Number of protein chains: 2
Amino acid sequence: MNLDNSGLHQLVATKLDEAGQMYTQKRQKLVDALSQAGPCTLPELLEFSDGIAQSSAYRNLTVLEEMGVVRRLVHHGEYGRWELSEELTGHHHHHLVCHSCDVVIDVELPTHIEHLMDEAFEKAAIGSKFTVDRHNIDIVGTCANCQETAQA
Amino acid sequence: MNLDNSGLHQLVATKLDEAGQMYTQKRQKLVDALSQAGPCTLPELLEFSDGIAQSSAYRNLTVLEEMGVVRRLVHHGEYGRWELSEELTGHHHHHLVCHSCDVVIDVELPTHIEHLMDEAFEKAAIGSKFTVDRHNIDIVGTCANCQETAQA
DNA sequence: ATCATAATGAGAATGATTCTTACTCTTGAC
DNA sequence: GTCAAGAGTAAGAATCATTCTCATTATGAT
């Protein structure tokens with residue numbers, strides 16, 4: 001368990017405990033990795049939190065997702081990605097997605113923009129009788145690394 | 001070939017021709033289905049444009065994607081989805097996504113909102129040295145059908 | 001017509017994710 | 001302390017959307 005994350009771990013521990021789930025070392029490692037590295041693929045998670053079996057990682061991520069601790073993202077790369085849930089971090093955010101290397105980076109937008117968007121989305125949904133719960137925004141482009149690589 | 005879509009088919013035919021690709025009946029059926037039904041999964045496409053083999057559908061969709069005719073979407077359902085490219089239809093749009101049945105419906109947002117968002121996204125990307133090419137927005141909620149079903 | 005090239009479809013192969021199962025660890029009651 | 005019950009773990013099998021292979025069929029140019 002990473003000391004910098006004691007608050008985070010405390011939160012997760014409570015959440016899991018209330019649901020009768022254990023907050024094992026393996027699960028802590030996954031949460032640590034996600035909190036330090038941002039949205040990760042499974043191979044990345046296995047690397048960062050080494051000593052964990054692939055099947056266990058998948059199973060634990062599924063459990064953590066059901067508990068509202070992590071969220072599964074899906075983009076175009078070969079692997080899915082996982083991140084800590086907004087419910088847990090308290091930070092509403094969106095994603096910069098590199099269409100060259102598939103990396104995903106968090107970004108936050110100004111509150112007034114979020115408000116404007118929420119209003120616009122609500123209005124847009126009325127015509128189709130949709131009830132809006134949330135929005136996901138991918139800002140797609142080229143990351144700094146891939147821009148350099150393209151130069152060379 | 002659907003007569004209502006003659007303009008569309010003409011465009012696609014030209015695009016494919018320039019690349020030395022044939023615009024066969026099967027490919028026309030796929031384009032027709034997408035133009036009538038909006039974002040479709042593969043099973044949906046097979047149903048709408050029947051008489052097409054699964055492997056051919058996948059192969060043709062890949063070809064059409066490379067030609068810029070269709071775009072592949074990826075959400076949480078078991079199947080990927082396909083839609084006509086904005087380049088082809090000329091309509092920038094986003095998606096209402098039902099988290100209960102995974103259906104996807106197109107929506108357009110007012111131009112001034114798109115402008116505001118583009119500006120905000122550009123600014124947000126600077127910190128991470130991202131070059132922005134486009135944005136994808138999913139407005140996630142519950143579709144009319146699933147709201148009714150939940151009532152019953 | 002004939003030939004070269006492209007498209008098709010049946011089925012095999014791929015590979016991320018999920019499932020099964022036998023084993024190990026925790027925890028709480030006694 | 002120890003024992004049983006329940007929860008977690010990991011190795012490998014299974015699943016299944018998607019991709020690939022290859023033999024056959026259609027198309028278009030000459």
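These numbers were taken from a predicted model, which means no experiment stands behind them.
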Quick one: [X] [atom1] to [N] [atom2], roughly how many Å, whole number?
X: A:Q25; N: D:dT9; atom1: CD; atom2: C1'; result: 13 Å
X: B:R27; N: D:dT27; atom1: CZ; atom2: C1'; result: 12 Å
X: B:L46; N: D:dT18; atom1: CG; atom2: C1'; result: 12 Å
X: B:R81; N: D:dA17; atom1: CZ; atom2: C1'; result: 14 Å
X: A:D17; N: D:dA7; atom1: CG; atom2: C1'; result: 13 Å
X: A:K29; N: D:dG8; atom1: NZ; atom2: P; result: 17 Å
X: A:Y23; N: D:dG8; atom1: OH; atom2: P; result: 14 Å
X: B:Y79; N: D:dC16; atom1: OH; atom2: C1'; result: 8 Å

With nearest nucleotide decided by heavy atoms, which residue, B:L42 or A:Q21, maps closer to the 5′ end of DNA chain D?
A:Q21

Is a donor from one side chain sitting under 3.5 angstrom from an acceptor on the other, for [X] and [Y]?
X: B:D138; Y: A:H135; answer: no
X: A:T62; Y: A:R59; answer: no
X: B:E108; Y: B:H94; answer: no
X: A:D133; Y: B:H99; answer: yes
X: A:H91; Y: A:E86; answer: no

Which part of the nucleic acid does [X] contact within heavy-atom distance under 4.0 Å: base, sugar-phosphate only, or nothing?
X: A:E78; result: sugar-phosphate
X: A:G77; result: nothing
X: B:G20; result: nothing

Is A:E148 salt-bridged to B:K129, going by a charged N under 4.0 Å from an acidic O?
no

Is the closest basic N to carboxylate O distance between B:R72 and B:E83 below 4.0 Å?
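Looking at B:R72 and B:E83, the cut-off is not met.
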
Quick check for you: name the first and last nucleotides of DNA chain C, 5' to 3', having an atom under 4.0 Å from a heavy atom of chain B.
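It runs C:dA7 to C:dG11.
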
Any side-chain heavy-atom pair of A:S128 and B:C143 under 4.5 Å:
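In short, these two side chains do not touch, never coming nearer than 4.5 Å.
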
Hydrophobic cluster identity match, A:I52 and A:Y23, side-chain contacts under 4.5 Å
yes

In residues 59-67 of chain A, what residues come within less than 4.0 Å of DNA chain C, judged by heavy atoms?
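Those residues: none at all.
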
Nearest to the side chain of B:M22, heavy atoms from C-beta on, is which of D:dT27, D:dT9, D:dT18?
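The answer is D:dT27, which lies nearest to the side chain.
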
Please tell me if A:T24 has a side-chain N or O lying less than 4.0 Å from either OP1 or OP2 of D:dT9.
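Yes, within the criterion.
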
